[in-house]
Amino acid sequence: MTGDGSTATASAAVDRAVDALRRGDPILVHDAADREGEVDLIYPAAAVTPEAVARMRNDAGGLVCAALGDRVADAFELPYLQEVIDHPVAADHDLGYDERSSFSLTVNHRDTYTGITDEDRALTITELAAAATDPEGTDFASEFRAPGHVHVLRAAPGLLADREGHTELAVALAGAADLPPAMVVCEMLDDDTGTALTPAAARSYADREGLVYVEGSAVVERLGRPVSDD
């Protein structure tokens, strides 16, 4: 960011994003052109309804993932998936955008049926949010089963000081909004090209829908000091 005006504008966008999350509204976050170069539609997990899952399916189109803070994931004994897969496909990852993936297990809440419907996924997600408010008091295995239909992501311990992915951006924003470290992220895809929706197109969508769009660089600038999600 260059110039005081640009910095102030970016900081104001972060403020608007934090306020929207406090209200339970979704926001759009672009990570960086030299990273994934993707815009994610992001919700507080506790605010996700079946209608929100439908919106992510129809308007975003990527994977519906629940991002949890490191302390919460540790209490639930959730691993990084690539570290526990006993198969050659888990070896020799060569990611062009990062050193590792944040993917952990896929889960369903035990009160779901197949787990894939909008109602089932919303239930799994909101129960993950509830569990994140009391991780030490949650018997994760008695409430959730794996494999399931909600992809769980585990944030880096130092959040943006360690990694600047959508997982960490979302959990950092949750902390700024005084929300539990449980967020839902879903990549926005372009129906015409089959590629990631461009930031310009994502901004247009945000304007049409009355949503806040924020650049990851602004979030890192504002919230990227070396803190954890505790």
Side-chain angles (χ1 to χ4, degrees), residues 13-14 17-18 20-22 24-32 35-70 72-73 78 80-81 95 97-98 100-107 118 121-122 124-129 131-132 148-156 159-160 162-177 179-190 196-199 202-203 205-206 209 211-220 223-224 229:
V14 175
V18 168
L21 293 173
R22 286 195 184 113
D25 294 336
I27 63 172
L28 279 71
V29 179
H30 176 235
D31 61 344
R35 198 179 175 281
E36 287 181 332
E38 294 175 351
V39 177
D40 279 22
L41 185 60
I42 296 178
Y43 282 82
V48 168
T49 61
E51 292 75 20
V53 176
R55 184 180 205 170
M56 286 184 273
R57 283 196 295 106
N58 294 311
D59 291 7
L63 282 177
V64 177
C65 301
L68 300 180
D70 178 74
V72 170
L78 293 173
Y80 289 114
L81 189 57
L95 301 177
Y97 59 87
D98 213 323
R100 63 157 178 79
S101 167
S102 289
F103 280 101
S104 183
L105 304 181
T106 60
V107 301
D118 294 343
R121 280 195 279 183
T124 296
I125 288 165
T126 54
E127 290 298 329
L128 283 170
H149 293 84
V150 174
H151 297 259
V152 177
L153 308 175
R154 179 170 179 158
L159 290 181
L160 298 171
D162 293 347
R163 187 173 183 271
E164 297 178 6
H166 281 106
T167 302
E168 289 74 23
L169 291 164
V171 174
L173 285 164
L179 297 171
M183 302 289 283
V184 174
V185 302
C186 185
E187 303 94 344
M188 300 200 75
L189 305 179
D190 190 313
L197 196 68
T198 65
R203 285 180 184 273
Y205 174 85
E209 299 294 323
L211 303 179
V212 175
Y213 173 100
V214 65
E215 285 288 340
S217 58
V219 180
V220 172
L223 305 177
D229 61 289

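Under the side-chain contact (heavy atoms from CB on, under 4.5 Å) criterion, R22 pairs with V18, D19, A177, D178, sequence neighbours left out. Evaluation of the side-chain contact (heavy atoms from CB on, under 4.5 Å) rule for A17 yields I27, V212, V214 as partners, not counting sequence neighbours. For A196, the side-chain contact (heavy atoms from CB on, under 4.5 Å) partners at least two apart in sequence or on another chain are E38. R121 meets the salt bridge (charged side-chain N to carboxylate O under 4.0 Å, His left out) test with no other residue; sequence neighbours excluded. For F103, the ring pair (Phe, Tyr, Trp, His ring centres under 6.0 Å) partners are H151, not counting sequence neighbours. Every residue meeting the salt bridge (charged side-chain N to carboxylate O under 4.0 Å, His left out) condition with D25, not counting sequence neighbours, appears here in chain and number order: R23. Partners of S104 according to the side-chain contact (heavy atoms from CB on, under 4.5 Å) rule, which considers only residues two or more places apart in sequence or in another chain, are L78, P79, V152. Looking at residues two or more places apart in sequence or on another chain, you find no side-chain hydrogen bond (donor to acceptor under 3.5 Å, both in side chains) involving S101. Residues meeting the side-chain hydrogen bond (donor to acceptor under 3.5 Å, both in side chains) test with R57, sequence neighbours left out: D118.
Between the side chains of T198 and R203, no donor-acceptor pair is found at a separation under 3.5 Å.
Counting only heavy atoms from C-beta outward, the side chains of D31 and V39 never approach each other to under 4.5 Å. Side chains of L169 and L159 form no contact here, defined as non-hydrogen atoms less than 4.5 Å apart. Within the 4.5 Å cutoff, no side-chain heavy atoms of T124 are placed close to those of H149. Proximity of V219 to E215: side-chain heavy atoms (C-beta onward) are nowhere separated by under 4.5 Å.
Note on residues 59-68: pairs passing salt bridge (charged side-chain N to carboxylate O under 4.0 Å, His left out), not counting sequence neighbours, are R55-D59.
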Identify each donor-acceptor pair in which a side-chain atom of residues 180-189 lies under 3.5 Å from a protein atom, sequence neighbours left out, and give them as a table.
| residue | atom | partner | partner atom | Å |
| --- | --- | --- | --- | --- |
| E187 | OE1 | L63 | N | 2.9 |

